[in-house]
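Encoded as structure tokens, the structure appears first; notes follow it.
What you see is a predicted model, and the numbers here were worked out from it, not measured in a lab.
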Amino acid sequence: MSEESDSLRTSPSAASLSENELPAPPEPPGYVCTLSEELVTKAREELQEKPEWRLRDVQALRDMVRKEYPNLSTSLDDAFLLRFLRARKFDYDRALQLLINYHSCRRSWPEVFNNLKPSALKDVLASGFLTVLPHTDPRGCHILCIRPVFPPWV
């Protein structure tokens, strides 16, 4: 018997496998880091983000959401959860609380979050309430000034 026919005999086609033996569908690709080396270093120093632990940390937050808030309708995507971890320097409890607060705000003020488009902010920007300064800070970050507008009787 040839080697080719021998390999065909030992590796059955998908059609001949029972439902329980079918290979699992491929999972969608996870997070792929697109940070520059400079930003990876900065994230490590300032946020305690370690590239070798990043996916473990995201999975830990995902597990907390599933366990403590099973009915929370939220994305459990790696990149989405990583935003909350970074915002709270990889403190799981604080990142979870931020995620809960995020959803609470979205539910409390649907008029702000539903159909949010740049055109909806045109009046706010024109009022002078929010202003972006023309120059950046020494690190190149844009500076946003918020000037509360008080009624004339205050």
Side-chain angles (χ1 to χ4, degrees), residues 11 13-14 17 19-154:
S11 48
S13 68
L17 293 173
E19 282 186 36
N20 294 338
E21 296 173 339
L22 287 176
E27 291 188 22
Y31 175 77
V32 176
C33 183
T34 58
L35 299 177
S36 67
E37 278 302 314
E38 180 182 337
L39 287 177
V40 167
T41 302
K42 185 174 182 170
R44 183 184 292 274
E45 292 169 1
E46 295 180 15
L47 306 178
Q48 288 71 54
E49 176 178 344
K50 296 176 178 62
E52 60 273 14
W53 293 355
R54 186 183 297 125
L55 295 179
R56 178 207 68 179
D57 293 338
V58 168
Q59 186 60 47
L61 180 57
R62 183 180 296 119
D63 292 344
M64 289 174 72
V65 171
R66 286 180 177 151
K67 180 181 178 190
E68 297 178 33
Y69 296 91
N71 297 323
L72 183 66
S73 179
T74 188
S75 172
L76 295 175
D77 177 70
D78 290 353
F80 181 75
L81 294 176
L82 189 55
R83 294 173 189 164
F84 294 92
L85 285 166
R86 285 178 172 157
R88 293 299 178 255
K89 296 187 176 186
F90 283 77
D91 180 322
Y92 302 153
D93 293 324
R94 292 179 58 223
L96 178 62
Q97 189 57 54
L98 182 62
L99 178 65
I100 299 309
N101 293 348
Y102 165 80
H103 282 287
S104 176
C105 285
R106 290 188 64 95
R107 277 192 308 277
S108 297
W109 297 299
E111 65 276 7
V112 173
F113 293 98
N114 291 344
N115 301 316
L116 184 60
K117 298 177 183 168
S119 60
L121 298 176
K122 188 188 295 185
D123 293 336
V124 174
L125 294 172
S127 74
F129 178 74
L130 293 172
T131 303
V132 179
L133 296 182
H135 303 289
T136 59
D137 73 1
R139 295 177 299 167
C141 299
H142 293 279
I143 303 168
L144 178 70
C145 287
I146 300 174
R147 290 184 268 181
V149 180
F150 295 105
W153 59 85
V154 176

Using only atom types and a distance under 3.5 Å, with no angle test, would you say the side chain of Ser108 pairs donor to acceptor with the backbone of Ser104?
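Yes, because the side chain of Ser108 sits within donor-acceptor range (under 3.5 Å) of the backbone of Ser104.
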What's the separation between atom [atom1] in [X] and atom [atom2] in [Y], rounded to the nearest 0.5 Å?
X      : Y      : atom1 : atom2 : answer
Tyr69  : Thr74  : OH    : OG1   : 12.5 Å
Leu85  : Leu96  : CG    : CG    : 10.0 Å
Asn101 : Arg106 : CG    : CZ    : 14.0 Å
Asp93  : Gln97  : CG    : CD    : 9.5 Å

Give a yes or no on this: more than 12 heavy atoms of other residues, nucleotides or ligands lie within 6.0 Å of atom CD of Glu68.
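Atom CD in Glu68 is crowded, with more than 12 foreign heavy atoms closer than 6.0 Å.
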Which atom of [X] lies closest to which atom of [Y], heavy atoms considered:
X     : Y     : answer
Arg54 : Cys33 : NH1-CB, 3.5 Å
Ser75 : Leu81 : O-CD2, 3.9 Å
Phe80 : Phe84 : O-CD1, 3.2 Å

Name the one of Arg44, Arg86, Lys89 that satisfies salt bridge (Lys or Arg N to Asp or Glu O under 4.0 Å) with Glu49?
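Looking at Arg44, Arg86, Lys89, the match for Glu49 under the salt bridge (Lys or Arg N to Asp or Glu O under 4.0 Å) is Arg86.
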Which residue pairs pass the side-chain hydrogen bond (donor to acceptor under 3.5 Å, both in side chains) test when at least one of the two sits in residues 129-141, sequence neighbours left out?
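Output for this query lists Thr131-Arg147.
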Under 3.5 Å, sequence neighbours excluded: what are the donor-acceptor pairs made by side chains of residues 55-63?
from  : atom 1 : to    : atom 2 : distance (Å)
Asp57 : OD1    : Tyr92 : OH     : 2.6
Gln59 : OE1    : Arg62 : NH1    : 2.5
Gln59 : NE2    : Asp63 : OD1    : 2.7
Arg62 : NE     : Leu76 : O      : 2.9
Arg62 : NH2    : Leu76 : O      : 2.9
Arg62 : NH2    : Asp78 : OD1    : 2.2

Kindly indicate whether the side chain of Leu82, heavy atoms from C-beta on, has any atom under 4.5 Å from the side chain of Phe90.
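When only atoms from C-beta onward are counted, Phe90 and Leu82 do touch, with a gap below 4.5 Å.
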